[in-house]
2 protein chains.
Amino acid sequence: MDTREALLNTAEQAVRRWGYNGFSYGDLSTKVGIRKASIHYHFPKKEDLALALIVRYRKAVFIMLEAIATQHKPAGQQLTEFINIYRQALGGCDTLCLCVALSSGPDSLNKDILSEITKFQTEAKAWLTSVFELGRSDITITKVTDPEKDAAACLALMQGAQLVARAGGDIEEFETAVAGLISRIST
Amino acid sequence: MDTREALLNTAEQAVRRWGYNGFSYGDLSTKVGIRKASIHYHFPKKEDLALALIVRYRKAVFIMLEAIATQHKPAGQQLTEFINIYRQALGGCDTLCLCVALSSGPDSLNKDILSEITKFQTEAKAWLTSVFELGRSDITITKVTDPEKDAAACLALMQGAQLVARAGGDIEEFETAVAGLISRIST
DNA sequence: GTCGGCCTACCTACTGGTAGGTATTAAAGT
DNA sequence: ACTTTAATACCTACCAGTAGGTAGGCCGAC
């Protein structure tokens with residue numbers, strides 16, 4: 001397997017579980033089976049790794065979202081699939097969306113990483129906005145008045161629901177929190 | 001000033017800015033003007049400090065919530081004040097609700113702290129549930145069907161909105177995210 | 001004379017990061 | 001064909017800094 005990719009995969013798991021400060025080059029080295037110093041060959045600074053991580057993550061998510069959009073399903077169904085992404089990202093209530101995990105402690109994060117997080121959120125809101133717009137016209141999402149605000153609220157709800165569910169260790173908390181949104185989807 | 005309280009105040013600011021790993025006894029010692037080792041006299045382990053922190057925070061918040069509840073204002077107004085608490089907790093977009101800050105990286109957090117977070121969220125949801133129940137009967141909150149789910153969604157929305165706003169560094173992101181909820185409040 | 005509250009001095013573990021060396025491979029020069 | 005060069009991908013050994021935490025002493029107040 002590609003070492004670089006193995007490093008990214010391992011680091012991603014760690015960050016989504018414990019946040020940016022929750023992993024070290026030392027941890028990575030034992031888990032990937034490579035000496036600590038060798039990691040610096042692939043990612044000179046920890047920030048480089050983090051940046052590569054979130055760029056990869058953002059692209060991966062938006063490949064998924066574009067795939068959903070190009071199928072031209074009803075808006076309600078697209079929204080359901082969006083919620084599913086966040087539900088699945090929770091795993092066994094011990095992982096978060098990488099963006100949520102990183103945006104919670106942006107102390108150690110430099111400008112580039114922070115702007116990547118912002119970019120992720122901007123793109124997500126844009127995608128959601130068009131879904132809510134579609135939902136208003138194809139009537140598969142009810143009570144849509146301002147798609148942009150709905151999109152912002154939806155994204156915040158997903159992130160918050162992940163946080164609450166993870167803290168409680170119970171995915172049911174996620175379900176309860178998003179139930180209201182789901183009930184607006186009409187088949 | 002009471003040293004113990006000064007430690008808690010300083011630590012709280014730090015945690016709300018940078019999370020649990022974002023402060024150290026070394027930081028505290030310089031900021032409070034006490035030697036590092038002396039902090040261990042007040043809080044033998046860092047976990048002890050964190051626990052004291054969140055217990056104090058939870059109690060403080062619920063004194064505020066009870067104060068709001070006992071005034072017996074319309075539900076819409078109570079909800080507005082709840083939102084205000086979270087808005088103010090954001091500060092200049094560099095602080096979070098202590099619970100949000102802590103629940104984002106629960107690696108280093110032991111059982112006691114985690115159960116305090118859960119307790120906070122349970123109590124918050126209970127408070128919100130009764131507000132939404134009231135809102136349904138006094139008709140100051142619209143579209144209330146399931147108060148419990150509304151409460152869970154509301155709490156998640158607040159936490160998520162804080163996260164998004166903090167990452168973007170713009171309080172307008174908070175406003176946009178909660179606009180939909182606010183629009184359900186009828187005067 | 002005991003105890004609260006603080007101190008100095010120190011410890012181990014670990015952090016991210018650097019310096020410099022070593023196989024292996026592939027291309028380039030003659 | 002044979003050598004040289006260079007890049008890749010790793011290594012050992014080390015660094016300064018910081019983390020949380022401990023041992024034991026000092027001193028004023030009751």
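Because the structure is a prediction, the values reported are computed rather than measured.
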| Distance in angstrom units between B:Ile39 CD1 and C:dC7 C1', rounded | 13 Å

| said: Check this one for me: any side-chain N or O of A:His42 less than 4.0 Å away from OP1 or OP2 of D:dT8? | reply: no

| request: Indicate whether the side chain of A:Arg4 and that of A:Asn9 have a donor and an acceptor atom separated by less than 3.5 Å. | output: no

| Would you say D:dA9 has OP1 or OP2 under 4.0 Å from some side-chain N or O of A:Tyr41? | yes

| query | How would you label the contact of B:Phe43 with the nucleic acid (heavy atoms, under 4.0 Å): base, sugar-phosphate, or nothing? | reply | nothing

| task | Would you state whether a donor and an acceptor, one from the side chain of A:Lys46 and one from the base of C:dG17, lie under 3.5 Å apart? | result | no

| request: Measure the distance from NZ on A:Lys36 to P on C:dT18 and round it to the nearest whole Å. | output: 11 Å

| Would you say B:Thr3 reaches C:dG5's phosphate, i.e. side-chain N/O to OP1/OP2 under 4.0 Å? | no

| Which part of the nucleic acid, if any, lies within reach of A:Lys45 when heavy atoms closer than 4.0 Å are counted: base, sugar-phosphate only, or nothing? | sugar-phosphate

| In whole angstroms, how far is the C1' atom of D:dT8 from the CZ atom of A:Arg4? | 14 Å

| request: Have a look at B:Ser24 and say if it touches a base, only the backbone sugar-phosphate, or nothing, with a 4.0 Å heavy-atom cut-off. | output: sugar-phosphate

| message | Test your reading of the model: is there a side-chain donor-acceptor pair from B:Gln159 to the backbone of A:Ala161, 3.5 Å cut-off? | response | no

| field | Interatomic distance where NE2 belongs to A:His40 and P belongs to D:dA9 [whole Å] | value | 17 Å

| said: Quick one, A:Gln162 with A:Arg166, criterion side chain to side chain donor-acceptor pair (under 3.5 Å). Give me CA distance, side-chain angles, the key distance, then yes/no. | reply: CA-CA 6 Å; A:Gln162 278 200 349; A:Arg166 213 267 291 270; over 6 Å; no

| request: Round to the nearest Å and state the distance from A:Asn21 atom CG to D:dG20 atom P. | output: 11 Å

| Value in whole Å for how far the P atom of D:dG17 lies from OH of B:Tyr25 | 24 Å

| To the nearest angstrom, how far is B:Glu47 atom CD from D:dG20 atom P? | 11 Å

| query | Quick one: does NZ or CZ of B:Lys46 land under 6.0 Å from the six-membered ring centre of B:Phe23, within 45 degrees of the ring axis? | reply | yes

| said: Would you say the ring centers of B:Trp127 and B:Phe62 fall short of 6.0 Å from each other? | reply: no

| message | Rounded to whole Å, please give me the gap between CZ in A:Arg35 and C1' in D:dC14. | response | 15 Å

